[in-house]
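Only one structure is covered here, and it is reproduced in the block below.
Just so it is clear, the structure is predicted and the values come from calculations on it, not from any experiment.
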Amino acid sequence: MKILTNILACAALLMAGFASVSAQQSADIVFATDWKAQAEHGGFYQAVARGFYKKRGLNVRIRPGGPGSDNPRLIAAGALDIAMASNSFQPINLIAAGADVKVVMASFQKDPQVLMVHPQVAAQSIADLKGMPVFISDAARAAFWPWLQSQFGFDARQVRKYNYSLAPWLVNKETVQEGYLSSEPYTAAQQGVEPKVFLFADAGYTGYAGMVMVRGTFIRENPRTVREFVAASIEGWQDYLWGDPSPGNELILKDNSEMTEDLLAFAIGSMKANNMVGDREQVGVMDAERWRSFYREMSALGAAPKGVEVDKAFTLEFLPGGPSGSPVSR
């Protein structure tokens, strides 16, 4: 009997060991961002650097994006489980195409997208830029351009291809440049031009940005992993913006050789000054009615496809105080 007891005990230990290994493997996460490493991803890098993911049993590797990144297509195809959505159009368009994905948190309460012009241009708002040539990326054309057309009367004749160099805009002083609040204005200033900057969010654009979207299958099979990823990411953003960002910045600089400490400092200052992520308690949050209102407006303008069940594009269950009733662990 004693021998049998010992055998059963050993078997239990082995099974526990196998379960532990399995759990550890299931918690390995590759998080694909939408651009090269930058301060706009700082909260996620901070969570890696400060061990916020690790303490929740997650082994997270951040995979930076770039000009050729296509997270929506990759996550729809199942090549990614967790990826960053740059703007609210992306998950809505994915749902319209029949993809099974959901946004589980939003880094930015205000989208950082801007248009900027040279200081001598008389424009006082985005509406005043109608008819001017606009340097805009292919990604932005697929997302924001329909909104600009519908809201402000922009048309295709204005489009000039933006290849992620400000040189053409710097030379052509009567043109408009697309960019991020915390990036292109800094680069322009470094080149001796203090631009006028128009933030989309100040012109009525209510979309979220820097969102985390997850494949539906992964959510259903790994709800705890998703919950802990969200909790750690929120903690990372809180620590990055209201603490010492240097641990996250060190990893950003390592992942992006083009990044500088000065640009990181400028970006962090811009995010804080413009309340881009909200206050400390708002980090990551989303509102269902805001999603619905955004979709109603954009679909009415023809900027988003009609007939989409927009509630399928997001879930609040993994956020603090979400409808699941389970608080996010800290």
Side-chain angles (χ1 to χ4, degrees), residues 29-65 71 82-87 103-114 179-186 199 201 208-214 226-286 318-320 328-330:
I29 292 174
V30 175
F31 176 54
T33 65
D34 58 350
W35 194 248
K36 300 173 185 178
Q38 54 186 343
E40 291 85 346
H41 307 152
F44 303 106
Y45 276 98
Q46 189 83 347
V48 172
R50 297 269 279 123
F52 299 151
Y53 293 125
K54 188 72 71 177
K55 76 178 181 181
R56 291 175 171 84
L58 307 181
N59 180 30
V60 175
R61 179 172 67 86
I62 297 176
R63 191 177 85 183
N71 285 347
I82 303 181
M84 183 177 289
S86 303
N87 54 68
V103 171
V104 297
M105 68 167 282
S107 301
F108 292 101
Q109 298 300 304
K110 293 181 178 180
D111 195 293
Q113 195 75 30
V114 300
Y180 248 38
L181 176 70
S182 46
S183 180
E184 276 80 0
Y186 171 86
L199 183 65
Y208 294 108
M211 294 162 285
V212 175
M213 58 181 176
V214 187
V226 176
R227 183 175 300 280
E228 297 299 345
F229 182 85
V230 169
S233 299
I234 290 173
E235 186 176 5
W237 274 110
Q238 291 170 333
D239 196 61
Y240 187 70
L241 291 179
W242 288 279
D244 175 12
S246 57
N249 285 346
E250 184 177 344
L251 293 184
I252 291 171
L253 291 166
K254 188 177 295 184
D255 266 2
N256 184 359
S257 61
E258 299 172 358
M259 184 54 60
T260 67
E261 292 184 3
D262 285 346
L263 177 52
L264 288 170
F266 174 86
I268 292 171
S270 295
M271 287 189 281
K272 287 183 175 181
N274 291 276
N275 202 31
M276 301 303 291
V277 303
D279 61 34
R280 188 183 180 94
E281 299 307 313
Q282 288 179 302
V283 175
V285 305
M286 299 185 296
F318 301 107
L319 294 169
V328 174
S329 60
R330 293 283 178 183

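Of all heavy-atom pairs between Met211 and Ser86, the closest is CE-C, 4.4 Å. In terms of heavy-atom proximity, Pro64 sits nearest to Ala37 at CB-N, 4.1 Å. Considering all non-hydrogen atoms of both residues, Pro320 and Ile234 come closest at CD-CD1, 3.8 Å. Summarising the geometry of Val277 relative to Ser107, their closest heavy-atom pair is CG1-O, 3.2 Å, with the distance given to 0.1 Å. Of all non-hydrogen atoms in Asn71 and Met84, the two that sit nearest each other are ND2-O, 3.2 Å. The two residues Leu263 and Ser182 have their closest heavy-atom pair at CD1-O, 3.7 Å.
With a 4.5 Å cut-off on side-chain heavy atoms, His41 and Trp35 count as touching. Using a 4.5 Å heavy-atom cutoff, the side chains of Val283 and Leu241 are not in contact. Contact check for Arg63 versus Thr33: no side-chain heavy atoms found under the 4.5 Å cut-off. At least one side-chain heavy atom of Leu264 sits under 4.5 Å from a side-chain heavy atom of Leu253. Between Lys55 and Glu235, the closest side-chain pair of non-hydrogen atoms falls below 4.5 Å. Side-chain contact between Gln113 and Asn87 is absent, with no heavy-atom pair separated by less than 4.5 Å. Tyr180 places none of its side-chain heavy atoms less than 4.5 Å from the side chain of Ser270. No side-chain heavy atom of Ile29 sits less than 4.5 Å from a side-chain heavy atom of Tyr53.
Rounded to the nearest 0.5 angstrom, Ser183 OG and Phe266 CZ are separated by 8.5 Å. The distance from atom CG of Asp279 to atom CD of Gln238, rounded to the nearest 0.5 Å, is 9.5 Å. Taking OH of Tyr240 as the start and OG of Ser233 as the end, the distance is 14.5 Å to the nearest 0.5 Å. Asn249 CG to Gln38 CD: the interatomic distance, rounded to the nearest 0.5 Å, is 12.0 Å. The line from CG of Leu181 to CG of Asn274 is 4.5 Å long, rounded to the nearest 0.5 Å. Atoms CE and CD, from Met276 and Glu40 in turn, are 9.0 Å apart once rounded to the nearest 0.5 Å.
Put simply, the side chain of Gln109 gets close to the backbone of Val285: a donor and an acceptor are under 3.5 Å apart. Not a single donor-acceptor pair under 3.5 Å links the side chain of Glu250 to the backbone N or O of Ser246. Formation of a donor-acceptor pair under 3.5 Å by the Asn256 side chain with backbone atoms of Lys36 is not found in this model.
For Thr260 and Asp262, the side-chain atoms include no donor-acceptor pair closer than 3.5 Å.
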Take Met213 and Ile82 through the test side chain to side chain contact (heavy atoms under 4.5 Å, CB included) and record every step on the way to the result.
-> CA-CA 6 Å; Met213 58 181 176; Ile82 303 181; over 6 Å; no
Report the C-alpha separation of Val212 and Phe44 in whole Å, then their side-chain angles, then the decisive distance to 0.1 Å, and conclude whether the side chain to side chain contact (heavy atoms under 4.5 Å, CB included) test is met.
-> CA-CA 10 Å; Val212 175; Phe44 303 106; 3.8 Å; yes
List the steps, then state whether side chain to side chain contact (heavy atoms under 4.5 Å, CB included) holds for Tyr208 with Val103.
-> CA-CA 10 Å; Tyr208 294 108; Val103 171; over 6 Å; no
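Within 6.0 Å of CD on Gln282 lie more than 12 heavy atoms contributed by other residues, nucleotides or ligands.
Residues that satisfy the salt bridge (charged side-chain N to carboxylate O under 4.0 Å, His left out) test with Lys110, not counting sequence neighbours, are absent from this structure.
In summary, of the residues considered (Met271, Gln46, Arg280), a side-chain contact (heavy atoms from CB on, under 4.5 Å) with Trp237 occurs for Met271 alone.
Evaluation of the salt bridge (Lys or Arg N to Asp or Glu O under 4.0 Å) test over residues 41-50, restricted to residues two or more places apart or in two chains, returns Arg50-Asp239.
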